[in-house]
Amino acid sequence: MSEKELRRSMSVFPIGTVIKLTDLSARQIRYYEEQDLIHPERSEGNRRLYSLNDIDVLLEIKDYLSDGLNMAGIKRVYKMQKEEEKKARNKKPLTDKDVRRIFYDEILSQGGLNPKNPFDTNRPKL
DNA sequence: CTTCTGACA
DNA sequence: TGTCAGTA
């Protein structure tokens, strides 16, 4: 892991800072953590500490949300990214963002996954 | 003063 | 998701 990646993964920001940077509510930020989309560490006083990477993910989630994806859809974007990582890890030189971008576009082009429509657990796998 | 967890008029 | 409570 490069030094830059190491720094981007260091947990140093309190939730207040993240709220200002992402314009998301504390409620939402904690909820996305429950959904395993971000993994902030904890300080001695049990306070959450976020990394630049966590903030990037939060910013991406905001975009997905504004484009109509619900939690199920967003979680799939990241879930598929992980699955694809294992395959590409030893082959393609795609970055995490490239992979997410690809699946994100696919999901959008397939329509659906709107916040209104309940869950889509039974949707066909991409 | 800031953040945390749990709960719901 | 908002928000209020009671803490740490």
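Hydrogens, waters and symmetry mates are skipped; everything else that's a heavy atom, side chains included, is used. Order of the sequence lines fixes the chain letters, A, B, ..., with proteins taken first and strands second; residue numbering starts at 1 for each chain. Remember, it's a predicted structure, so these values are computed and weren't measured experimentally.
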* Asked: Based on Watson-Crick and G-U pairs with both distances under 3.5 Å, what dot-bracket line describes DNA chain B 5' to 3', crossing pairs as [ ] and inter-strand pairs as |?
  -> .|.|||||.
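Across the protein-nucleic acid pair, Arg27(A) atom CZ and dA7(B) atom P stand 12 Å apart, rounded to whole Å. Straight-line distance from the CZ atom of Arg30(A) to the C1' atom of dT3(B): 6 Å, rounded to whole Å. As rounded to whole Å, 9 Å separates atom P of dC4(B) from atom CD of Glu33(A).
Applying the side-chain contact (heavy atoms from CB on, under 4.5 Å) rule to Lys20(A) yields no partners; only residues at least two apart in sequence or on another chain are considered. Qualifying side-chain contact (heavy atoms from CB on, under 4.5 Å) partners for Thr22(A), counting only residues two or more places apart in sequence or in other chains: Val18(A), Leu24(A), Ile29(A), Ile55(A), Leu58(A), Leu59(A).
In terms of heavy atoms, Leu65(A) sits closest to Leu69(A) at CD1-O, 3.4 Å. Residues Leu6(A) and Ser9(A) come closest through the heavy atom pair O-OG, 2.8 Å. Of all the heavy atoms in Lys62(A) and Asp23(A), the pair that sits closest is NZ-CB, 3.9 Å.
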For a quick test of your reading: what N or O donor-acceptor pairs under 3.5 Å do the side chains of residues 32-43 of chain A make, sequence neighbours left out?
unit_1, atom_1, unit_2, atom_2, d
Glu33(A), OE1, Arg48(A), NH1, 2.9
Gln35(A), OE1, Lys75(A), NZ, 3.3
His39(A), NE2, Asp36(A), O, 3.2
Arg42(A), NH1, Asn46(A), O, 3.0
Arg42(A), NH1, Asn46(A), OD1, 2.8
Ser43(A), OG, Gly45(A), N, 3.4
Ser43(A), OG, Arg47(A), N, 3.0
Ser43(A), OG, Arg47(A), O, 3.3

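Enclosure of atom CD in Glu3(A) is not indicated, since only 12 or fewer non-hydrogen atoms of other residues, nucleotides or ligands lie within 6.0 angstrom.
Contact check of residues 36-48 of chain A against DNA chain B (heavy atom, cut-off under 4.0 Å) returns Arg42(A), Asn46(A), Arg47(A), Arg48(A).
A donor-acceptor contact closer than 3.5 angstrom is absent between the side chains of Ser66(A) and Asp63(A).
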* To do: Using the side chain to side chain contact (heavy atoms under 4.5 Å, CB included) rule, take Leu52(A) and Phe13(A) through it: C-alpha gap first, then chi angles, then the decisive distance, then the call.
  => CA-CA 8 Å; Leu52(A) 290 173; Phe13(A) 310 104; 3.6 Å; yes
* To do: Could you walk me through whether Arg30(A) and Ile15(A) pass side chain to side chain contact (heavy atoms under 4.5 Å, CB included), step by step?
  => CA-CA 9 Å; Arg30(A) 292 173 186 138; Ile15(A) 196 167; 3.8 Å; yes
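Taking the 5' to 3' direction, DNA chain C first and last meets chain A under 4.0 angstrom from a heavy atom at dT1(C) to dA8(C).
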